[in-house]
Protein chains: 2
Amino acid sequence: MEDKEIRKAGLKVTAPRLKILELLETCGEHHVSAEEIYRLLLADGEEIGLATVYRVLTQFEAAGLVERHRFEDGYSVFELNRGGHHDHIVCVTCGKVKEFVDDTIEQRQREIAEDKGYEIGDHSLIIYGRCRDPGCPNHGKADNKD
Amino acid sequence: MEDKEIRKAGLKVTAPRLKILELLETCGEHHVSAEEIYRLLLADGEEIGLATVYRVLTQFEAAGLVERHRFEDGYSVFELNRGGHHDHIVCVTCGKVKEFVDDTIEQRQREIAEDKGYEIGDHSLIIYGRCRDPGCPNHGKADNKD
DNA sequence: TAGAGCATGCGAAAGCTTCTCATTTCCTGC
DNA sequence: GCAGGAAATGAGAAGCTTTCGCATGCTCTA
Ligand SMILES: [Mn+2]
Ligand SMILES: [Mn+2]
Ligand SMILES: [Zn+2]
Ligand SMILES: [Zn+2]
């Protein structure tokens, strides 16, 4: 099943590639680092190298199968490209990430690019804030001002 | 003159801090890396260490004097905090950066944060595209689709 | 002007990511 | 099914940005 997508990307169908793709499919909206993928596969009994995980993720990204994001700390996290574009809102306290799409913002971006003399390509919008989840260390603290 | 700002940040007024602040002032809307700052100061005859540049930039950032951004490649670039917030549009071909502010987008972000149950803090919006400058390698190429 | 403490420069180290290379695996054509 | 050539892998070394540790130097207050 995933064979098709890998072949379409011009890549050989190998165990590491299949396993990484499978794992990403189970992740849904969860964003995982290369290191996490590596450890999860190891724990699953797979024999795989960290370098391979990085290589494959980069290839998948180039092929449009996978998206890479860099949140505040600057390190890479990955997720399956599930078709539609979306942006992210991240809790700076607990790290929780939610996704959103806003047509107004998307439209304004196209207008801004046009206005500034750019042919628009991609974009990255990340909102940082504090979530109100009971489990978040931030929970309860009324309104911290720093 | 810059003494005031440094002191206000609770930091001692030292040659490295003054020089870095001065240099950033000459940069205007240009975004510079720590390494660039380091080399520019060295070329200017200053005796300074790269570790100090990083340390000072981090302190300035914490004090709100300086802003740090990470464009596509993930490395840090810095600019003086010139008061108002702004976002960036970057040419993926030549690297040219322009700044913009859009009230509609800013407002929608606040609504999204509210909607998703986050107390909004900062955000990072970077549009990637291709500029139409005569000097840009992209110039002339009608509309490349990859 | 002297003292306490903060800041600096240097080199070493951290942490993520990429590279190198010998070995293995995949895939095409027989 | 099998062999050959190309592509991919795993392991460790290396690369790069950024941070740390520490002996020395500088600032600032009194
Ligand atoms: Mn996502
Ligand atoms: Mn800027
Ligand atoms: Zn949270
Ligand atoms: Zn350009």
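Throughout, a chain's letter reflects where its sequence line sits, starting with A, and its residues are numbered from 1.
The side chain of B:S76 contributes no N or O atom lying less than 4.0 Å from OP1 or OP2 of D:dT17. Look at A:Y54 and you'll find a side-chain N or O under 4.0 angstrom from OP1 or OP2 of C:dT17.
Grouping Ile, Leu, Val, Met, Phe, Trp and Tyr residues whose side-chain heavy atoms lie under 4.5 Å apart, directly or via other members, places B:V92 in a hydrophobic cluster with B:F71, B:V77, B:V90, B:V97, B:I126, B:Y128.
Not counting sequence neighbours, the partners of A:Y38 by the side-chain contact (heavy atoms from CB on, under 4.5 Å) test are A:E35, A:L42, A:I48, A:L50, A:V53. For A:E72, there are no salt bridge (charged side-chain N to carboxylate O under 4.0 Å, His left out) partners at least two apart in sequence or on another chain. In this view, A:V13 and A:D3, A:I6, A:R7, A:L18 satisfy the side-chain contact (heavy atoms from CB on, under 4.5 Å) rule, not counting sequence neighbours.
Of the N and O atoms on the side chains of A:E61 and A:T58, not one donor lies less than 3.5 Å from an acceptor on the other residue. A donor-acceptor contact under 3.5 angstrom links the side chains of B:R55 and B:T52, judged on distance only.
Closest to the A:Y75 side chain, of the nucleotides C:dC27, C:dC16, D:dT17, is C:dC16.
Contact check of residues 30-45 of chain B against DNA chain C (heavy atom, cut-off under 4.0 Å) returns no residues at all.
Atom CD1 in A:I6 sits about 17 Å away from atom P in D:dA7, given to the nearest Å. Between the CD atom of B:E46 and the P atom of C:dC10 there is a distance of 13 Å, rounded to whole Å.
B:H31 places a side-chain heavy atom less than 4.5 Å from the side chain of B:E99.
Using a cut-off of 4.0 Å between Lys/Arg side-chain N and Asp/Glu carboxylate O, A:R108 and B:E106 are scored as not salt-bridged.
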What does the B/S/- profile of nucleotides 1-9 of chain C look like, 5' to 3', with a 4.0 Å heavy-atom cutoff to protein? ----BBSBB
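Across all strands, B:R7 comes closer than 4.0 Å only to sugar-phosphate atoms, never to a base (heavy-atom distances).
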